[in-house]
K.L.:
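Sharing a structure here in structure tokens format.
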Amino acid sequence: MSLHIPFDNTYARLPSRFYTRQNPVPVREPELIAFNAGLAKQLGIRAGSEAERALVFSGNRVPDGAEPLAQVYAGHQFGGFSPQLGDGRANLLGESVLDDQRFDIQLKGSGPTPYSRMGDGRAWLGPVLREYVVSEAMHALGIPTSRALAATLTGEPVFRETGALPGAVLTRVASSHVRVGTFQYFAARRDLPALERLFAYVAERHYPGISSPDALLDAVIKRQAKLIAQWMSVGFIHGVMNTDNTTLSGETIDYGPCAFLDIYHPDTVFSSIDAHGRYAYSNQPNVIVWNMAQLATALVPLMPDQDAAVEVFTGSVHAMPEMIHNEWRDLFGRKIGLVSASPEDEGLITELLRIMAESRADFTNTFRALAGGKARDQFLDPKTFDIWETGWRKRLGDADDPVALMEATNPAYIPRNHRIEQMIQAAVAGDYGPFERLVTVLASPFDANDHAKDLTYPPEPSEVVQQTFCGT
Ligand code: AMP
Ligand code: MG
């Protein structure tokens with residue numbers, strides 16, 4: 001049975017100024033290196049032969065029912081507005097639909113498009129495998145995210161600062177790729193009919209029942225507040241929270257220089273291009289509010305009374321920090337074994353984080369060790385932990401099974417940066433063993449397993465990754 005994707009495309013029905021129709025640019029020597037059979041099954045995709053998968057997921061064969069296109073959008077990048085961006089290295093094949101569940105099937109690294117600007121439209125193996133591993137890990141952690149369906153080698157070199165690297169294509173799946181920047185694109189052009197179309201499209205696809213832009217804004221704010229709190233709760237740093245990388249669906253997308261914290265420090269930044277720490281770990285809640293303010297601005301023209309709209313939208317955006325904070329308190333409360341942390345419990349959470357930063361404690365391992373009573377070992381100065389622990393135990397009192405709650409909330413495994421770097425180096429040398437192992441172990445991040453103990457170790461000094469680079 002040949003490869004089949006149950007396409008039913010709606011974005012391609014939107015007016016032509018929403019995208020450019022274009023096929024992926026074929027590559028020299030497609031080779032399939034990863035295929036997510038479980039995800040394919042959930043999507044109703046019939047996998048076909050390996051040779052077919054290599055052709056389709058490298059962009060060399062356009063599958064039946066696909067209507068490939070590159071989407072256009074705008075966006076604030078590090079605070080500066082670019083009125084026209086777009087899929088410069090991505091290609092939306094179409095939407096697969098199964099049981100009313102609709103997902104974009106998109107190739108990334110699939111060749112130049114009219115939106116490529118100075119770029120080559122390609123990706124190299126490193127960022128492709130990084131996104132594969134990290135997005136699947138995020139999914140397993142229960143965090144809304146795009147997912148990885150396949151990865152192929154192109155057999156063509158890609159040239160980056162460090163020289164020639166193996167080219168690759170990632171197939172990613174998302175509930176859509178509509179971004180804050182998609183609204184900004186049409187708002188900046190004062191294209192009201194397009195804005196109206198886009199609003200109706202997003203409401204129907206992601207927020208059925210919502211019929212006004214103010215209700216849409218509130219709904220997106222709610223999802224994004226929850227999402228960012230979830231990122232914080234696992235120590236995830238996105239790295240490029242530009243408005244073109246912020247979705248209307250509330251999913252994490254565009255994994256570039258993202259990374260997870262090892263040692264906890266709120267100011268941590270990894271991205272090589274984030275010189276001023278705009279997207280530092282602890283700044284993510286502020287940035288998402290700023291991004292939602294940009295969405296609000298782009299939605300204003302849709303409102304009948306624009307002055308009144310500004311007032312209503314301002315209220316919604318101003319309510320967001322508290323919403324994020326409440327989500328944060330709830331999630332971090334669970335991390336210390338409290339089913340529903342109250343504002344009075346906040347001191348316990350912030351004090352733990354404070355001594356963790358002071359004592360250079362590993363974020364993931366400290367929380368994970370709380371359940372087993374071994375967190376003390378994570379602290380340079382264990383006495384600070386002892387003091388905290390006394391207060392914590394008192395608060396826990398006879399709470400309902402805090403150990404089970406903590407074990408289900410605090411992962412044993414996260415995709416640690418040094419492991420990702422080592423995995424990429426092995427893959428470049430032709431060994432996909434470490435990649436496959438990471439994918440397998442990270443699929444069950446809460447199940448500690450003796451065979452994967454090494455994946456819980458923080459980096460040795462020589463392994464520490466200081467900087468991460470964009471997915472280009
Ligand atoms: P990002 O912030 O990584 O999502 O990328 C920002 C913009 O740059 C998007 O419009 C991308 O499509 C574009 N871009 C990034 N890398 C490339 C590349 N290698 N070739 C063409 N366009 C690119
Ligand atoms: Mg992007």
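In each ligand, atom 1 is the first atom listed, and ligand 1 is the first ligand listed.
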K.L.:
Between the side chains of Y255 and S146, is a donor N or O closer than 3.5 angstrom to an acceptor N or O?
P.N.:
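No, because no side-chain N or O of Y255 sits under 3.5 Å from a partner of the opposite role on S146.
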K.L.:
Is the distance from the ring center of Y132 to that of F435 below 6.0 Å?
P.N.:
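Yes, they do, as the ring centres are separated by less than 6.0 Å.
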K.L.:
Give the atom numbers and elements of ligand 1 that come within less than 4.0 Å of a heavy atom of G121.
P.N.:
18 (C), 19 (N), 20 (N), 21 (C)
K.L.:
Rounded to the nearest 10°, what angle sits at the Mg ion (ligand 2) between OD2 of D254 and OD1 of N245?
P.N.:
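The angle at the Mg ion (ligand 2) comes to 70°, rounded to the nearest 10°.
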K.L.:
With a 4.0 Å cut-off on heavy atoms, is M118 touching ligand 1?
P.N.:
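In this structure, M118 fails to qualify as a contact of ligand 1 - no heavy atom is under 4.0 Å.
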K.L.:
Geometry only, no angles: is N245 polar-contacting ligand 1 at N/O separations under 3.5 Å?
P.N.:
yes
K.L.:
With side chain to side chain contact (heavy atoms under 4.5 Å, CB included) as the test, would you mind laying out the steps for V173 and N36 before giving the verdict?
P.N.:
CA-CA 11 Å; V173 172; N36 190 339; over 6 Å; no
K.L.:
Specify side chain, backbone, both or neither for Q77, according to which of its non-hydrogen atoms lie closer than 4.0 Å to ligand 1.
P.N.:
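Within the 4.0 Å criterion, Q77 contacts ligand 1 through side-chain atoms alone.
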K.L.:
So if I apply the side chain to side chain contact (heavy atoms under 4.5 Å, CB included) rule between F260 and each of Y281, F270, F363, F236, which one comes out positive?
P.N.:
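Single pass found, and it is F236.
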K.L.:
For ligand 1, which is the ligand I care about here, please tell me if N242 has any N or O atom under 3.5 Å from one of the ligand's N or O atoms.
P.N.:
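Such a contact does not occur with ligand 1.
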K.L.:
If the plane angle is over 60° it's perpendicular, under 30° parallel, otherwise tilted; pick one for F81 and H76.
P.N.:
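Taking H76 first and then F81, their aromatic rings sit tilted (interplane angle of 30° to 60°).
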K.L.:
Can a salt bridge be assigned to the pair R223 and E251 using a cut-off of 4.0 Å between side-chain N and carboxylate O?
P.N.:
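Not counted as a salt bridge, because no side-chain N and carboxylate O are separated by less than 4.0 Å.
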K.L.:
Mind telling me whether F18 and F186 have parallel, tilted or perpendicular rings, with 30° and 60° as the class edges?
P.N.:
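Answer is tilted, since the angle falls between 30° and 60°.
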K.L.:
Is there a polar contact, in the sense of an N or O pair closer than 3.5 Å, between V240 and ligand 1?
P.N.:
no
K.L.:
From atom 11 (C) of ligand 1, work out which of G86, A123, P127, G256 has a heavy atom at the shortest distance.
P.N.:
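It is G86 whose heavy atom sits nearest to atom 11 (C) of ligand 1.
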K.L.:
Hey, does D254 come in under 3.5 Å of ligand 1, counting only N/O atoms on both sides?
P.N.:
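Checking ligand 1 against D254, an N or O pair does fall under 3.5 Å apart.
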K.L.:
Which bit of Y115 gets closer than 4.0 Å to ligand 1, counting heavy atoms only: side chain, backbone, both or neither?
P.N.:
neither
K.L.:
Look only at interatomic distance and state if G88 has a nitrogen or oxygen under 3.5 Å from any nitrogen or oxygen of ligand 1.
P.N.:
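Yes, since at least one N or O of G88 sits under 3.5 Å from an N or O of ligand 1.
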